[in-house]
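Everything on this sheet refers to the single structure shown next.
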Amino acid sequence: MSGYRIGFHPTLERMEKQFDLEIRTHQPRWMTYVLVAAAIFSFTVCIEAFFDPGWLFQLAAMRMPVYPPASPMALQCFGLTVGILGIGYLTASGNPLHHWPIVLVGWLGKIVVPLWLLSCAAEGRLSWQFAARVAAAEAIWWIPFGLILWRSYSSHTASLRVASPEVHSLALRIRTNRGQTLQEMSQERPLLLVFLRHRGCPFCRETLADIRQQRREIERTGFQIVLVQMDRDQIAHEFLYKYGLSDLPRISDENRSLYRAFGLRHAELWNLIGPPVWLRGIKAIVLEGNGVGLFYSDPFQMPGVFAVYQGQVVRSFMHRRPSDRPNYIKFIQTA
């Protein structure tokens with residue numbers, strides 16, 4: 001899903017393509033399964049309605065009209081329409097968040113048709129048994145289609161923030177604790193801009209441990225590491241000192257304006273729970289000895305990593321879950 005553009009900007013275009021790739025990579029597989037199942041359902045209805053139009057009358061406990069071919073042809077046209085919608089579902093299954101208009105059309109249809117059938121049943125034009133069966137068959141898609149639309153809206157909102165040149169231009173004017181702006185620093189050498197979670201999070205501590213371990217190799221490539229965190233600078237200094245990273249340039253973003261400028265979203269509850277997060281959490285806390293602390297700042301703020309050079313973001317890593325662990329060396333090599 002492409003974000004809003006103002007003029008032509010090659011770097012922003014690359015960012016949008018990268019964001020599209022991340023959206024396709026990170027969208028849950030259940031969305032694809034839902035749309036494939038909806039396509040199969042639509043194809044089944046299409047085949048039945050086209051080759052045996054009388055089955056709907058039998059299902060509705062109604063007599064087959066004696067004035068062919070008008071009514072059978074109407075049912076066949078209905079079946080073809082449903083089949084075409086099934087093709088749309090199948091197409092959208094490859095990238096559900098990008099093809100959200102198809103999902104929206106299907107979702108509205110699955111709401112309107114049951115309501116219309118139930119109103120016809122109330123007027124005595126259809127049997128309640130038929131209207132209830134069709135309504136139930138359509139209603140099972142309401143929740144999964146609605147979740148796909150909501151996820152698409154959330155991703156679209158994030159992409160708009162990422163693709164705004166004005167926001168990036170202003171964001172890079174923020175100064176580090178050394179007094180230089182990100183814009184000025186990126187003119188001298190490429191920056192590895194690392195946004196952290198709150199300091200009580202085991203994955204934030206894991207990130208700092210990884211940076212401490214890989215710091216020499218990162219700096220050997222010419223990159224300057226800059227840390228962005230949500231605490232006051234004095235608190236950040238004391239916390240980073242434990243990891244031997246207090247000498248790195250850093251930004252205290254207590255209002256999280258820089259996080260928002262770079263499109264780093266708030267995590268939904270299901271992003272913070274579940275087997276993948278808990279298993280990784282046990283590894284980070286117990287096996288790697290990073291420990292865990294209280295909730296500080298904003299526990300729902302997601303982290304991220306960006307490569308910035310000459311005032312432009314050339315690569316980004318947008319965390320899907322707090323437990324995601326980027327490989328900083330490979331990230332730099334591809335940037």
Checking the side chain of Ser246 only, and the main-chain atoms of Leu240 only, is there a donor and an acceptor separated by less than 3.5 Å? no

Membership question, hydrophobic clusters at under 4.5 Å side-chain separation (ILVMFWY): are Val103 and Ile87 in the same one? no

Between OG1 of Thr221 and CZ of Arg189, what distance do you get to the nearest 0.5 Å? 8.0 Å

List the steps, then state whether side-chain hydrogen bond (donor to acceptor under 3.5 Å, both in side chains) holds for Gln180 with Glu188. CA-CA 11 Å; Gln180 280 185 301; Glu188 299 172 1; 3.1 Å; yes

Give a yes or no on whether Gln310 atom CD has more than 12 heavy-atom contacts from other residues, nucleotides or ligands under 6.0 Å away. yes

Using ring centroids (six-membered ring only for Trp), state whether Phe317 and Tyr328 fall under 6.0 Å. no

From Met185 atom CE to Leu172 atom CG, the distance as rounded to the nearest 0.5 Å: 11.5 Å

So does Met302 get a backbone contact from the side chain of His319, meaning a donor-acceptor N/O pair under 3.5 Å? no

I'd like to know whether Phe41 forms a side chain to side chain contact (heavy atoms under 4.5 Å, CB included) with Glu138, so could you lay out the CA-CA distance, the side-chain angles of the two residues, the decisive distance to 0.1 Å, and finally the verdict. CA-CA 10 Å; Phe41 176 79; Glu138 295 290 280; 3.6 Å; yes

Taking atom SG of Cys201 and atom CD of Glu206, what is their separation to the nearest 0.5 Å? 9.0 Å

Between Phe195 and Gln301, is there a side-chain heavy-atom distance shorter than 4.5 Å? no

Under 4.5 Å between side-chain heavy atoms, counting indirect links through other Ile/Leu/Val/Met/Phe/Trp/Tyr residues: same cluster for Ile329 and Ile211 or not? yes

Just by modelled atom types, is the Phe203 backbone N or O under 3.5 Å from a matching donor or acceptor in the Thr207 side chain? yes

Under 3.5 Å, is there a donor-acceptor pair between the side chain of Ser252 and the main chain of Asp231? yes

To the nearest 0.5 angstrom, please state how far the CD1 atom of Ile102 sits from the CG atom of Leu35. 9.0 Å

Closest non-hydrogen atom pair between Tyr243 and Arg212, with its separation: O-CD, 3.0 Å

According to a hydrophobic-cluster definition based on side-chain heavy atoms being under 4.5 Å apart (Ile, Leu, Val, Met, Phe, Trp, Tyr only), do Ile47 and Leu80 belong together? yes

Heavy-atom check, side chain of Leu196 versus side chain of Leu208, under 4.5 Å: yes

Can you check whether Leu264 reaches Phe306 side chain to side chain, under 4.5 Å on heavy atoms? yes

Which heavy atom in Gln229 sits nearest to a heavy atom in Tyr259, and how many Å separate them? CA-OH, 3.5 Å

Under a 4.5 Å cut-off applied to non-hydrogen side-chain atoms, are Leu248 and Val226 in contact? no

Show, in sequence, the C-alpha distance, side-chain angles and deciding distance for Val314 and Val308, and conclude whether the side chain to side chain contact (heavy atoms under 4.5 Å, CB included) test is met. CA-CA 6 Å; Val314 295; Val308 183; over 6 Å; no

Once you round to the nearest 0.5 Å, how far does CD of Glu219 lie from CD1 of Ile225? 5.0 Å

N/O donor-acceptor pair under 3.5 Å between Trp107 side chain and Trp142 backbone: yes

As a quick check of understanding, evaluate salt bridge (charged side-chain N to carboxylate O under 4.0 Å, His left out) for Arg232 and Glu254, giving each step before the final call. CA-CA 7 Å; Arg232 288 185 290 109; Glu254 297 181 58; 5.2 Å; no

I'd like to know if the side chain of Thr176 reaches the main chain of Arg178, judged simply by a donor and an acceptor atom lying under 3.5 Å from each other, with no hydrogens or angles considered. yes

Say whether, by atom type as modelled, one donor and one acceptor occur between the side chain of Arg250 and the main chain of Val228 under 3.5 angstrom. no

Quick one: do Val82 and Leu115 end up in the same hydrophobic cluster if we chain Ile, Leu, Val, Met, Phe, Trp and Tyr together by side-chain heavy atoms under 4.5 Å apart? yes

What's the shortest heavy-atom distance between Ser316 and Phe331, and which atoms? C-CE1, 3.7 Å

Is a side-chain donor or acceptor of Asn255 paired with a backbone partner of Ser257 at a separation under 3.5 angstrom? no

Under 4.5 Å between any side-chain heavy atoms of Tyr89 and Ile40, yes or no? no

Nearest atoms (heavy-atom pairs only) where Cys204 meets His198: CB-O, 3.4 Å

Can you check whether Phe239 and His237 have ring centres sitting under 6.0 Å from each other? no

Can you find a pair of side-chain heavy atoms, one from Pro96 and one from Thr32, that are under 4.5 Å apart? yes

Under 3.5 Å: donor-acceptor pair, side chain of Asn177, backbone of Ile251: no

Would a single hydrophobic cluster contain both Val36 and Trp100, if residues Ile, Leu, Val, Met, Phe, Trp and Tyr are joined by side-chain heavy-atom contacts under 4.5 Å? no

In terms of heavy-atom contacts, Phe43 and Leu90 come closest through CE1-CD2, 4.3 Å

To the nearest 0.5 Å, atom OH of Tyr309 lies from atom CG of Leu192 at 15.0 Å

Closest non-hydrogen atoms of Ser42 and Gly86, given as atom of the first, atom of the second and distance, are CB-CA, 3.6 Å

Just so I know, are the side chains of Ile148 and Met31 near enough to count as touching, which here means a heavy-atom distance under 4.5 Å? yes

Side chains of Lys110 and Phe145 in contact at under 4.5 Å (non-hydrogen atoms): yes

Please lay out, stage by stage, how Arg215 and Asp210 fare under the test salt bridge (charged side-chain N to carboxylate O under 4.0 Å, His left out). CA-CA 8 Å; Arg215 177 175 177 176; Asp210 288 344; over 6 Å; no

Main-chain N/O of Arg173 paired with Thr181 side-chain donor or acceptor, under 3.5 Å: no

For Trp30, does the CH2 atom sit with more than 12 other heavy atoms under 6.0 Å from it, leaving out its own atoms? yes

